[in-house]
Amino acid sequence: MTGIAAGMMTSASLVLLVGEALKRLAVTYEGGGFMAGAWEVVLGMALGVVFFLVVSRWIGKHEHFDIAGLRKSGGLSAVLIVVAMTIHSFPEGVAVGVSYGTALREGSHAFGDVITLAIALHNIPEGTAIAVALRARGVGPWACVWWAIFSSIPQPIGAVPAAWAVWLFEPLLPAGMGFAAGAMMYLVITDLLPDAREHAGPTKAAVAFFVGLGLMIALGQVVALGTAFVSTIKRILVTGGAGFLGSHLCERLVDEGHDVICVDNFFTSQKSNVDHLLDKHNFELIRHDITHPLWLEVDEIYNLACPAAPGHYQYNPIKTMKTSVMGSINLLGLAKRCRAKIFQASTSEVYGDPEVHPQPESYRGAVNPIGPRACYDEGKRAAETLFMDYWRQNGVNIRIVRIFNTYGPRMHPYDGRVVSNFIRQALNGEDITVFGEGTQTRSFCYRDDLVEGFLRMMNGPDEFVGPVNIGNPGEFTIMELAELVIELTGSGSKIVHKPLPADDPMQRQPDISLAKKHLGGWEPTVPLREGLARTIEWFKSIDIGEYRAPTPNY
Ligand SMILES: O=C(O)[C@H]1O[C@H](OP(=O)(O)OP(=O)(O)OC[C@H]2O[C@@H](n3ccc(=O)[nH]c3=O)[C@H](O)[C@@H]2O)[C@H](O)[C@@H](O)[C@@H]1O
């Protein structure tokens with residue numbers, strides 16, 4: 001078994017990791033000549049070897065890994081063996097993590113899978129050895145099993161941060177691949193092969209080694225074939241994809257390698273938001289209004305299409321209601337036909353002017369169904385109803401998020417919402433228009449935090465369909481916001497008061513416990529001051545003259 005694992009790990013290290021790293025470098029250093037950039041892999045391998053060497057020295061003698069030696073052990077040495085095995089699992093985990101980090105960055109998990117398999121296989125004799133040593137000491141059979149399993153727990157603990165680190169430092173990938181290869185080869189030479197040889201003799205060890213080599217090459221082929229069939233690349237439709245949030249979502253999805261179809265009618269959005277994506281092979285832009293049916297073949301749909309600023313959605317309230325209701329019906333029908341997963345961008349406005357504070361998802365809201373905001377609030381509520389009914393009645397795979405006030409770069413300068421208005425006014429030296437006394441509150445979430453929440457919700461388990469609040473619980477009065485914008489822009493603008501619009505909610509703050517629980521601990525990371533500074537920089541970088549106000553209501 002150990003001999004086979006040694007063969008598999010050798011093949012994985014040299015063929016998959018080093019081979020692939022050199023292939024990548026050939027692209028990076030195109031035209032750079034023989035061995036261009038290969039030093040990165042060599043350096044990575046050396047680091048991998050040194051890493052294992054240091055760890056092995058630190059935990060003591062190699063005899064502790066010696067499987068034959070374990071059989072003879074008893075008493076204190078058995079405890080030492082468990083400790084040594086447990087600690088030496090850690091660098092193995094790092095090797096697995098580096099391999100997965102590398103593989104996933106490439107859009108496939110094949111590398112990680114084969115290396116995990118090899119390490120897992122090699123865990124079997126190690127775990128058995130621990131069990132044998134403890135059993136000889138009179139430890140009960142189940143306790144032996146537990147200790148055998150426990151000794152491998154450092155593997156995932158080492159693997160997760162290692163994978164993350166590789167992900168973070170993409171340019172170091174070839175060196176990272178070399179690192180994993182070097183670390184594994186060290187393990188093969190110092191640990192696996194001597195064990196195999198001592199156990200089974202040189203001939204059987206050599207045969208097992210070559211069986212392992214062959215097995216891994218065959219497995220690599222099967223995985224490659226399987227990956228081609230079960231591709232991780234999805235065809236994703238984003239409606240409202242040229243808008244403030246939609247364009248950022250498209251960008252994230254394009255970067256992840258998905259085939260993205262952006263649909264927009266450009267009512268409150270701007271083509272320039274997706275200009276930089278137009279020449280990407282995996283991005284497509286369609287001008288279309290979702291109140292009309294759409295015939296496409298997709299795997300996932302993000303429905304973000306709807307004007308969201310009160311002034312613009314009240315400009316043509318019937319159209320706003322149609323966008324939420326007919327748009328949802330059209331897209332849910334598309335999702336049903338394609339068996340696609342579909343995501344609805346709902347809103348904190350479903351809570352109306354809330355009597356419960358902060359607002360949990362279970363709160364049913366206080367919406368005026370006949371007021372000027374109803375076209376949006378009730379439209380979004382009806383959309384939620386439609387989503388839930390398509391889920392219950394037709395088994396459509398849905399997700400609903402309720403977005404709380406969001407801001408950031410690419411907000412339309414004439415959007416009319418409070419953050420864009422205040423920044424535009426401050427930069428132009430105009431009066432800052434605070435509606436009412438400015439004592440009403442809002443909780444402002446930075447765009448990137450929100451889109452991260454979207455992705456986690458869409459990619460989360462099918463059992464959790466929402467609705468879930470996504471927003472920043474940091475609550476501010478509108479007056480505080482005005483003062484902060486003046487401070488950050490260094491503007492001489494004065495604050496003036498205008499009448500409070502009808503049905504304007506007095507307070508709003510999301511309860512995000514549900515998101516934290518179900519979306520892998522998701523929570524906003526960008527504080528208002530920092531997010532506003534970034535947004536102000538973006539506003540300074542654009543030419544407002546290139547933007548056309550969608551309606552006169554801003
Ligand atoms: O920003 C958002 O994401 C939300 O914006 C609006 O909801 P609202 O909270 O009314 O957003 P704003 O128009 O930005 O108004 C926020 C507060 O600032 C006040 N405001 C707005 C604009 C302005 O120039 N001055 C001003 O004091 C408003 O009266 C309101 O109390 C939309 O209706 C929501 O669907 C959307 O989720």
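Both backbone and side-chain heavy atoms feed into the values below; hydrogens, waters and symmetry mates do not. Quantities reported herein were computed from a predicted structural model and do not represent experimental measurements. Ligands are counted one by one from 1 in listed order, and the atoms in each one are counted from 1 as well.
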Margin query: Going by the rule side-chain contact (heavy atoms from CB on, under 4.5 Å), which residues pair with Ser513 if we only count those two or more places apart in sequence or in a different chain?
Written below: Asp511
Item checked: Residues Asn265, Arg287; criterion side chain to side chain donor-acceptor pair (under 3.5 Å); working and verdict -> CA-CA 5 Å; Asn265 70 353; Arg287 183 188 283 264; over 6 Å; no
Next item on the list: Taking atom types as modelled, find out whether Gln359 and His357 have a side-chain donor-acceptor pair closer than 3.5 angstrom.
Entry: yes
Check: Can you name the residues that come within less than 4.0 Å of ligand 1, going by heavy atoms only?
Finding: Ala308, Pro310, Tyr313, Thr347, Glu349, Arg373, Tyr376, Ile403, Asn405, Thr406, Gly416, Arg417, Val418, Asn421, Phe422, Thr433, Val434, Phe435, Gln440, Arg442, Ile478, Pro501, Asp504, Arg508
Checklist line | For Glu480, all residues meeting salt bridge (Lys or Arg N to Asp or Glu O under 4.0 Å), sequence neighbours excluded | finding: none
Next item on the list: Could you label the plane-to-plane angle of the Tyr315 and Phe267 rings as parallel, tilted or perpendicular, counting under 30° as parallel and over 60° as perpendicular?
Entry: tilted
Could you pull out all donor-acceptor pairs under 3.5 Å where a side-chain atom in residues 276-285 meets a protein atom, sequence neighbours excluded?
from	atom 1	to	atom 2	distance (Å)
His276	NE2	Glu251	OE2	2.6
Asn282	ND2	Val254	O	3.1
Asn282	ND2	His258	O	2.9

